[in-house]
Amino acid sequence: MRDLPNIVILTGAGISAESGLATFRGPEGLWEGHRVEDVATPEAFVRDPELVQRFYDARRARLKEVEPNEAHRALARLDAGWRGDLLIVTQNVDDLHERAGAQRVLHMHGELNSAWCLACDARVRWMEGLSDAPPCPECGTRGALRPDIVWFGEMPYGMDRIDAALREADLFVSIGTSGAVYPAAGYVRTARYVGARTLEMNLDPSQGSLFFDETRLGRAGKLVPAWVEELLAGH
Ligand code: BV8
């Protein structure tokens, strides 16, 4: 019997809400202003690249105005203090987990601060706008950089690492996600299938609530620090 449980944590937009970043489906949600298929699909990028670049430029700029919150900081403490296996799988494209100090983070839907060159396939750190078609720092091609984001219909990143971690998980924890988007929304069932205990912390019950052994409703900024204290105190 492993002395320390292997933990997989799935986070969504709800964990960054208290930092001032819009969620997707809430009031003033990100999609409020746009139809998903107009800004977050490869077809949209072919159809209207200016609109898509502007949408992500605005979110990349907004990222500079916000800070990690108590929930991000608590997970960073857990990451630093947990000697067992732990992986934070985030659907979020913001960098707040890392800015809070977390190391074992996997961005399954990509990152705002990364650009992907469609000419030379390089992925480069990118903190500024892409609307002015800047040259790729690797190959110099202008106008070939797209947001390094997984759009609908595209294969999420790190699927093998995520599947391997889920198969070994003793504890699966979901924080701030509505459970509306796949394959992420299916992870709780995989975790249950391998016998892991499943816990959800969310403002409202998610679409997958019935698959969780335990659901704690409330703000991540309150629930997550309390849960991390509990876990570190218990081990
Ligand atoms: C794919 C990047 C092929 C872009 C995103 C099976 C069934 C049905 C459909 C599908 C299926 N499989 C695939 C699909 C299609 C599609 C899909 O799921 N469609 C949905 C709409 C039905 N999936 C895909 O296209 C995926 N790719 O399938 O490729 C494939 C895959 C595997 C194997 C082979 C082939 C790719 C999907 C990724 C798209 N990109 N993001 C960007 O950010 O702009 S998805 C994006 O939306 C987010 O990353 C996230 O995943 C999702 C939003 O969900 P949440 O993060 O949960 O946010 P939301 O606002 O919905 O909810 C917030 C929650 O927080 C709420 O519950 C709220 O109560 C709570 N909350 C709010 N405040 C707080 C809080 N909780 C705590 N504290 C608070 N303070």
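Whatever order the structure lists ligands and atoms in, that order sets their numbers, starting from 1. The first residue of the sequence shown is numbered 1, and numbering continues consecutively from there.
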### Query
Is the closest heavy atom of Met159 to ligand 1 under 4.0 Å?
yes
### Query
Where's the contact between Ala184 and ligand 1, heavy-atom distance under 4.0 Å: side chain, backbone, both or neither?
neither
## Note on the structure
Under 4.0 Å between heavy atoms, the region of Ala17 that gets near ligand 1 turns out to be side chain
### Check: Glu168 side chain, Ala165 main-chain N or O, donor-acceptor pair, under 3.5 Å
no
### Message
For atom 43 (O) of ligand 1, which of the options Glu200, Arg59, His109 provides the nearest non-hydrogen atom?
### Response
Arg59
#### Entry: Test item: side-chain donor near acceptor, Glu200 and Ser174, under 3.5 Å
no
## Note on the structure
Filtering Ala13, Gly14, Gly221, Ala71 for the heavy atom nearest atom 72 (C) of ligand 1 leaves Gly14
### Query
Any idea which atoms of ligand 1 are less than 4.0 Å away from a heavy-atom of Gly218?
77 (C), 78 (N)
### Query
Would you say the side-chain atoms of Asp148 pair up with the backbone N or O of Gly110, donor to acceptor, closer than 3.5 Å?
no
### Message
Is there a polar contact, in the sense of an N or O pair closer than 3.5 Å, between Pro156 and ligand 1?
### Response
no
### Task
Classify the side-chain pair Glu230/His235 by whether it contains a donor and acceptor separated by less than 3.5 Å.
no
## Note on the structure
Gly12 heavy atoms within 4.0 Å reach ligand 1 at atoms 56 (O)
### Query
Where does Ile149 meet ligand 1, judged by heavy-atom distances below 4.0 Å: at the side chain, the backbone, both, or neither?
side chain
#### Entry: Nearest option to atom 14 (C) of ligand 1, as decided by whichever heavy atom of Trp151, Phe152, Tyr157, Tyr182 sits closest
Tyr182
### Query
Which atoms from ligand 1 have a heavy atom of Glu18 less than 4.0 Å away?
78 (N), 79 (C), 80 (N)
### Message
Using heavy-atom distances only, which candidate in Gly186, Gly110, Gly153, Ala40 approaches atom 25 (O) of ligand 1 most closely?
### Response
Gly153
### Query
If only atom types and distance count, is the side chain of Arg142 paired as donor or acceptor with the main-chain N or O of Ala133 below 3.5 Å?
yes
### Message
Between Asp79 and Arg104, does any side-chain N to carboxylate O distance fall below 4.0 Å?
### Response
yes
### Query
Counting heavy atoms only, which of Leu217, Asp204, Val36, Val150 comes nearest to atom 69 (O) of ligand 1?
Asp204
### Query
With atoms numbered from 1 as shown, which atoms in ligand 1 lie under 4.0 angstrom from a non-hydrogen atom of Tyr56?
4 (C), 42 (C), 44 (O)
Contacts table for residues 9-21: side-chain donor-acceptor under 3.5 angstrom, sequence neighbours left out:
| residue | atom | partner | partner atom | Å |
| --- | --- | --- | --- | --- |
| Thr11 | OG1 | Thr90 | OG1 | 2.7 |
| Thr11 | OG1 | His97 | NE2 | 3.0 |
| Ser16 | OG | His72 | NE2 | 3.2 |
| Ser16 | OG | Asp94 | OD2 | 2.8 |
| Glu18 | OE1 | Gly221 | N | 3.2 |
| Glu18 | OE2 | Ala220 | N | 3.3 |
| Glu18 | OE2 | Gly221 | N | 3.1 |
| Ser19 | OG | Glu67 | O | 2.7 |
| Ser19 | OG | Asn69 | N | 3.4 |
| Ser19 | OG | Asn69 | ND2 | 3.0 |

### Message
So for ligand 1, is Asn92 a polar contact partner (N or O within less than 3.5 Å, distance only)?
### Response
no
### Message
Can you name the atoms of ligand 1, numbered from 1 with element, that are less than 4.0 Å from a heavy atom of Arg219?
### Response
78 (N), 80 (N)
## Note on the structure
Honestly, for Gln91 the part within reach of ligand 1 (heavy atoms, under 4.0 Å) is both
### Task
Select the closest option to atom 66 (C) of ligand 1 among Asn202, Leu203, Thr41, judged by heavy-atom distance.
Asn202
## Note on the structure
ligand 1 to Thr177, heavy atom cutoff 4.0 Å, flagged ligand atoms 55 (P), 57 (O), 64 (C), 65 (O), 67 (O)
### Query
Who are the ring pair (Phe, Tyr, Trp, His ring centres under 6.0 Å) partners of Trp116, not counting sequence neighbours?
none
### Message
Treating Ser209 as the side-chain partner and Ser206 as the backbone partner, does any N or O pair qualify as donor plus acceptor under 3.5 Å?
### Response
yes
### Query
Do Asp57 and Arg54 sit within salt-bridge range, that is, some charged N less than 4.0 Å from a carboxylate O?
no
### For atom 1 (C) of ligand 1, the option (of His107, Met201, Glu154) bearing the nearest heavy atom
Glu154
### Query
Is the NZ or CZ atom of Arg77 positioned over Trp82's six-membered ring, under 6.0 angstrom from the centre and within 45° of the axis?
no
### Message
Has Asn202 got a side-chain atom pairing as donor or acceptor with Thr177's backbone, closer than 3.5 angstrom?
### Response
yes
